[in-house]
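The basis for the numbers below is simple: all heavy atoms, side chains too, and nothing from hydrogens, waters or symmetry mates.
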Amino acid sequence: AYSVSVGYLQVPQGLDGGELVVAGRSHAPREGSVLVFRGDQSHRVKAFCLNNEGDCAVDQTPETKRISFVLEQYRVVPEKLRRTPLFIIAPTATEQALLP
């Protein structure tokens, strides 16, 4: 990827870990923040738990979910771009029902 953007839409209180490490530097997730970096840089996400007390139990309540997005951006030469088929992204009925 030419560029990568990682945005944090929801970061629950008590999150233990989950830092994004880019080129050896650690970035803690902060709700509402977006981190942009070169796509060829080494990157990873550290393991994380919520209110960690030994085991990391799975909690399915909405307020305990960490919600983030990743957008990878590419530069495509015009010749290859012309050969790319057209497509439309449309939500399924289930996805549409979740939209506000």
Side-chain angles (χ1 to χ4, degrees):
Y2 173 76
S3 178
V4 177
S5 301
V6 178
Y8 299 96
L9 303 176
Q10 179 175 304
V11 179
Q13 295 294 319
L15 185 68
D16 181 24
E19 296 87 358
L20 176 61
V21 181
V22 179
R25 294 185 60 202
S26 188
H27 305 272
R30 287 192 340 264
E31 195 164 301
S33 67
V34 176
L35 183 66
V36 179
F37 56 93
R38 283 189 359 232
D40 63 348
Q41 289 181 300
S42 66
H43 57 282
R44 65 185 179 90
V45 175
K46 291 183 180 179
F48 60 93
C49 289
L50 183 62
N51 299 319
N52 190 6
E53 296 179 8
D55 288 335
C56 187
V58 176
D59 186 346
Q60 297 297 327
T61 56
E63 57 275 354
T64 63
K65 296 200 181 299
R66 181 185 133 188
I67 303 172
S68 58
F69 69 84
V70 176
L71 175 63
E72 294 186 0
Q73 301 160 65
Y74 292 86
R75 287 192 171 175
V76 181
V77 295
E79 177 186 319
K80 288 188 178 181
L81 190 58
R82 282 191 295 275
R83 297 189 331 229
T84 303
L86 295 177
F87 62 92
I88 297 173
I89 298 174
T92 64
T94 302
E95 293 167 335
Q96 185 68 38
L98 297 173
L99 295 174

Original post:
Can you tell me how far the NZ atom of Lys65 sits from the CG atom of Leu15, to the nearest 0.5 Å?
Top reply: 13.0 Å
Original post:
Under the criterion side-chain contact (heavy atoms from CB on, under 4.5 Å), which of Leu20, Val11, Val45, Leu35 is the partner of Pro29?
Top reply: Val11
Original post:
How many angstroms lie between CD in Gln73 and CZ in Arg38, if you round to the nearest 0.5 Å?
Top reply: 14.5 Å
Original post:
Can you list every pair that meets ring-ring contact (aromatic ring centres under 6.0 Å, His included) and has a residue in residues 63-92, with sequence neighbours left out?
Top reply: none
**OP:** Measure the shortest side-chain to side-chain distance between Pro12 and Arg66 over non-hydrogen atoms and say whether it is less than 4.5 angstrom.
**Re:** yes
**OP:** Mind listing the closest non-hydrogen atom pair of Phe48 and Gly18 along with its distance?
**Re:** CB-N, 3.2 Å
Subject >> Minimum heavy-atom distance between Val4 and Gly39, given as atom pair plus value >> reply: CG2-CA, 3.8 Å
**OP:** Please check if Val70 and Tyr2 belong to a single hydrophobic cluster, counting links between Ile, Leu, Val, Met, Phe, Trp and Tyr side chain heavy atoms closer than 4.5 Å.
**Re:** no
Subject >> Atom pair CG (Leu81) and CZ (Arg75), whose distance is rounded to the nearest 0.5 Å >> reply: 13.5 Å
Compile the donor-acceptor pairs under 3.5 Å between side chains in residues 93-100 and protein atoms, sequence neighbours left out, one pair per line.
{"residue": "Glu95", "atom": "OE1", "partner": "Thr92", "partner atom": "N", "Å": "2.8"}
{"residue": "Glu95", "atom": "OE1", "partner": "Thr92", "partner atom": "OG1", "Å": "3.4"}

Original post:
Could you give all pairs that pass the ring-ring contact (aromatic ring centres under 6.0 Å, His included) test and reach residues 11-43, with sequence neighbours left out?
Top reply: Phe37-His43
